[in-house]
Protein chains: 2
Amino acid sequence: MTLSTPTPVRKIEIREANEARILEAAEKVFALNGYKGAATGDIAREAGLPKANVHYYFKTKSDLYREVLTHVLNDWMSAASTFEALDDPAEALRTYVSAKMEFSRKRPYGSRVWAREIMSGAPVLDNFLSTTLKTWLKQRTRIIRRWIREGKIKAVDPHALLYMIWATTQHYADFEQQIIILNGGKALSDRSYRQKTEQVVELILGSVGLNGS
Amino acid sequence: MTLSTPTPVRKIEIREANEARILEAAEKVFALNGYKGAATGDIAREAGLPKANVHYYFKTKSDLYREVLTHVLNDWMSAASTFEALDDPAEALRTYVSAKMEFSRKRPYGSRVWAREIMSGAPVLDNFLSTTLKTWLKQRTRIIRRWIREGKIKAVDPHALLYMIWATTQHYADFEQQIIILNGGKALSDRSYRQKTEQVVELILGSVGLNGS
DNA sequence: GTCTATACGTTGATAGAC
DNA sequence: GTCTATCAACGTATAGAC
């Protein structure tokens, strides 16, 4: 029996499945070693494919890296969009911090790829940061200022507050290994993580003068 | 005139000066590219020396990396030691947070080397984390619990509080580039940085129910 | 679409003249 | 103590058979 021509549908399925596997593997390897430190061979091994296939689907390492960053970015922004201009700042902050903590739990590698990209000087994310993220920050800053004006929260520096939220929530992804070691070598259970999330929410709310649920 | 034999003192001076230059260069290159991504040739160029000299003074890249980490560690612990068991938690937290912010300002590269090491799974720092740092954490946890028992601060999870302090203060070093871009491309002046430090202190104090200076 | 073989640049480390 | 020359190992990317 000779090879029959595969249907276009089947081809597309294969492509999508392989691209997804490679992207997932790449996110992990870039997270652990950074862009320069990541070898396409490592990514291929992690994905369970020959090295040549990685280059077949993504051409260059740089292209693959940009794709990974784009995916992380989309999910990061998706969590960011939960910060809304609600009347109740406690509710808004609680929702946002929880979404960021969930992102850290579900995409720890993605968070680290982001962190490493920034620590390398943000060569690829530079444009995103100075446009999309800057606009986002300006809008949320306005919301926070309004809450302060209306006497709903303490007078705090909005940037300092948002940086604290980002830093604290992302710490649970980026420094996961340190947290595990300090926890006696055991990873946080889903239950413990939910409690930590609640604690982080309470600390953030307290920092702007909003007390206990 | 032939070369006279240099005095041992002179030789030691040269060695110390060169080692210092290489260590400083290495801290920067490891911070920007991570361990695997850092090339000894880049470190040599940054230090203004031929590549062979780097290996003459430090033998292997791994040895050099460990030296850099040790230096960062010492300075990190030096800041950590400012967290004392004072009667006044506001004073203790203010001093500690300020010291950590100062560390981020003065040693941004060192902070990033630490971060990257943890994100790579802490292969070298593992031992330090599970001994020295764990002990430190246990002691400070006890102090915080005592403050809570004495009704001096709100009942918060001590680990969550300390992680928030670490994350927030280190964010100003590790994500410096992001902060600069969001600040319109301008680095924070010494004055702005002092104000941010004060804001961070206020946010942290607020998070445990301690209000205003 | 898959994968072995390979071209070719880069990197860690050393040898050996000065 | 300094530095050029060198090399083996590794890394990205591609060619070309299947």
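Naming convention: chains lettered A, B, ... in sequence-line order (proteins, then strands); numbering from 1 in each chain.
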Find the distance [X]:[atom1] to [N]:[atom2] and express it as a whole number of Å.
X     : N      : atom1 : atom2 : value
B/R45 : D/dC3  : CZ    : P     : 16 Å
A/I14 : C/dG1  : CD1   : C1'   : 7 Å
A/E13 : C/dG1  : CD    : P     : 12 Å
A/I22 : C/dT2  : CD1   : P     : 9 Å
A/L49 : D/dA13 : CG    : P     : 17 Å
B/R15 : D/dG1  : CZ    : P     : 5 Å
B/E16 : D/dG1  : CD    : P     : 11 Å

SB check A/R112 A/E176 (cutoff 4.0 Å):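 Answer for the salt bridge query: yes.
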Salt bridge flag under 4.0 Å for residues A/E102 and A/K106: yes
Below 4.0 Å: OP1/OP2 of C/dG1 and any side-chain N or O of A/Y57: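 So the side-chain polar atoms of A/Y57 never come under 4.0 Å of the phosphate oxygens OP1 or OP2 of C/dG1.
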Residues which pass ring pair (Phe, Tyr, Trp, His ring centres under 6.0 Å) with B/F58, listed by chain and number, not counting sequence neighbours: none
Over all atoms of both residues, closest heavy-atom pair of A/A31 and A/R116: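 Shortest heavy-atom separation between A/A31 and A/R116 comes out as O-NH1, 2.5 Å.
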Residue pair B/Q177 / A/A122: nearest heavy atoms and the distance that separates them: CG-CB, 4.2 Å
Nucleotide-resolved protein contact map, nucleotides 6-18 of chain C, B/S/- at heavy-atom distance under 4.0 Å: -----SBBB----
Verdict with reasoning, B/E24 to B/E19, per side chain to side chain contact (heavy atoms under 4.5 Å, CB included): CA-CA 9 Å; B/E24 193 186 341; B/E19 285 184 356; over 6 Å; no
